[in-house]
Number of protein chains: 2
Amino acid sequence: MNAPSKSIAPNCSDCPIRHRAVCARCEGEELERLEEIKYYRSFEAGQTIIWSNDKMDFVGSVVSGVASLTQAMEDGRTQMVGLLLPSDFVGRPGREGSAYDVTATTDVVMCCFRKKPFEKMMRETPHISHRLLEMTLDELDAAREWMLVLGRKTAREKIASLLSIIARRDPAQVAQPASKAVAFDLPLTREAMADYLGLTLETVSRQVSALKRDGVIVLEGKRHVVVPDMDRLLEEAGDDSDGGHLI
Amino acid sequence: MNAPSKSIAPNCSDCPIRHRAVCARCEGEELERLEEIKYYRSFEAGQTIIWSNDKMDFVGSVVSGVASLTQAMEDGRTQMVGLLLPSDFVGRPGREGSAYDVTATTDVVMCCFRKKPFEKMMRETPHISHRLLEMTLDELDAAREWMLVLGRKTAREKIASLLSIIARRDPAQVAQPASKAVAFDLPLTREAMADYLGLTLETVSRQVSALKRDGVIVLEGKRHVVVPDMDRLLEEAGDDSDGGHLI
DNA sequence: GAAGCCGGTTGATCTGCATCAATGCGATGC
DNA sequence: GCATCGCATTGATGCAGATCAACCGGCTTC
């Protein structure tokens, strides 16, 4: 399963995430060097991509699918601390291990770079480290915005916040950002949503049902969500109508 | 109040936070250039250092005192998303504004660099941007660890977690890290603690009293805390005994 | 030294979410 | 076609923490 899959973007120029990933501004010789240390890996839903405290010998970006960062307490309580959607970066250049478990929540394809040579390139190519600092600052903003969600929002607001993020990041919406109505597939089980929101899966289920009952969302099956009025959803999330700036 | 205070470290070499701050590895000419763009600012307890969405024309580090990063919802609910203790960095190089309010919770002295020239130095001095990336990754780790606190811990565990962080970062402890017993002054009101923990101030007060009743902490006055057994406190926090790696 | 204020404590009550438990429902296997 | 399994829904009940309210002690102000 982890063999390079040559059917996906054979080089960085064709890489579907190139526009947002680290190689965004690389060209010519630089790009060739990135090619050399680049490879693709596929993971099945549920598979662990990295164990916390593992040595990580790569960094990379999600090409397709959804992965999650999870922290656990010894007694089994867990909290998802990040959601990795396509183009999101994984890895801690300059650090040995990972601080959290990374798990594929759907089938995932990642574009990876071997770590040592990537770090070497970073040192020699200022705009790569600049880009990494920018991405890390974005992640920090997202994490802190999520702290507000976890600490102060009600269960209903939490669900609405999560749905807004997923809606905003969904490839279909990004292509057509103007419309009020949006539709997308939920890439998370009720349990994963609960883990992200600091709730139980029963509460998630109840609040999703409530939002459906109140016409804020329409469910087609368990996973396909239609949002007739995105502004309404953002209002339910307690955000100002522009939707904040979560990643 | 905001005039440079020349009684504090007249240059970077003497700066009390130099060992952890951005200039940690600067020498000779570099250090002189940092000197030129460096200045100190003092703030009184309660004073706002930066409003969210303000243009920030500086970056800097806390020299003494405690400041906090706060996010607010329109309806008035607020969540503290970060605590700035001495040596912590404030600012978003490459970004225009701030994403959150920064407030002095005690009297604060900051060591600031004017932003434009600092960014120029960053571009020309790779180890400064490297250091910034490191610091940002640390902050991200801390933010994510705090998400676990907010999402999954009980009120009692939250209080214990906060006390552990403050204890671990207190200058007196850093000097003498081996002892089991520690003592420190709480730099936060009960309300500020509540804001950080996603609780109400009444709950904070009750749980502090409970920890005191159970002998986990001893209070001398309202603000001076003695922890007879740090391991016990970490256990109450639900951390493994080495105490995690919060900043 | 009375009045007011701020930060803190404590009590009584309420409620949102957790917990425990049963059931539904589509997919997969034999 | 029936058994099984994973995911989801729904109901009944309990409890941790919010809310509302009273009060305390130290500090400032006039």
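A quick note: this is a predicted structure, and the numbers were derived from the prediction, not measured. In what follows, chains carry the letters A, B, and so on, assigned in the order in which the sequence lines appear, proteins first and then strands, with residues in each chain numbered from 1.
Within a 6.0 Å sphere centred on CD of B:E202, heavy atoms belonging to other residues, nucleotides or ligands number more than 12.
At the heavy-atom level, B:T189 lies under 4.0 Å from the strands shown only through sugar-phosphate atoms. When heavy atoms are screened at a 4.0 angstrom cut-off, A:G198 is found touching the sugar-phosphate backbone but no base atom. Counting any heavy atom pair closer than 4.0 Å across all strands shown, B:R223 reaches sugar-phosphate atoms only and no base atom.
Under the side-chain hydrogen bond (donor to acceptor under 3.5 Å, both in side chains) criterion, B:R156 pairs with B:D214, B:E236, sequence neighbours left out.
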Under 3.5 Å, which protein N or O atoms sit close to an N or O of nucleotides 9-11 of chain C? Give each pair with its distance.
unit_1, atom_1, unit_2, atom_2, d
C:dT9, OP1, B:R190, NH2, 3.3
C:dT9, OP2, B:R190, NE, 2.7
C:dT9, OP2, B:S205, OG, 2.8
C:dT9, O5', B:S205, OG, 3.2
C:dT10, OP2, B:S209, OG, 3.0
C:dG11, N7, B:R206, NH1, 2.9
C:dG11, O6, B:R206, NH2, 3.1

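Sequence order on DNA chain D of the closest nucleotides to A:R152 and A:E191 puts A:E191 first from the 5' end.
Comparing atom distances between the B:Q207 side chain and each of D:dG17, C:dT19, C:dC17 picks out D:dG17 as nearest.
Side-chain N/O atoms of A:S161 and A:S164 include no donor and acceptor closer than 3.5 Å. There is a side-chain donor-acceptor pair under 3.5 Å between B:T78 and B:D195.
For the pair A:E220 CD and C:dC25 C1', the computed distance is 18 Å after rounding to whole Å. Atoms CG (B:L186) and C1' (C:dG8) sit 13 Å apart, rounded to a whole Å. Distance A:H224 NE2 to D:dC7 C1': 19 Å, rounded to the nearest Å. Nucleotide D:dC7 holds its C1' atom 14 Å from the CG atom of A:L188, rounded to whole Å. Whole-Å rounding puts the B:K158 NZ to D:dA16 P distance at 14 Å. A:R156 has its CZ atom 17 Å from the C1' atom of C:dT15, to the nearest Å. What separates CE of A:M193 from P of C:dC17 is a distance of 15 Å, to the nearest Å.
Salt-bridge check for B:R92 with A:D138: failed, with every basic side-chain N at 4.0 Å or more from each acidic carboxylate O.
Here the rule is side-chain contact (heavy atoms from CB on, under 4.5 Å) with A:I159, and of A:T154, A:L197, A:L233 only A:L197 fits it.
Residues A:L219 and A:G221 come closest through the heavy atom pair CB-O, 3.7 Å.
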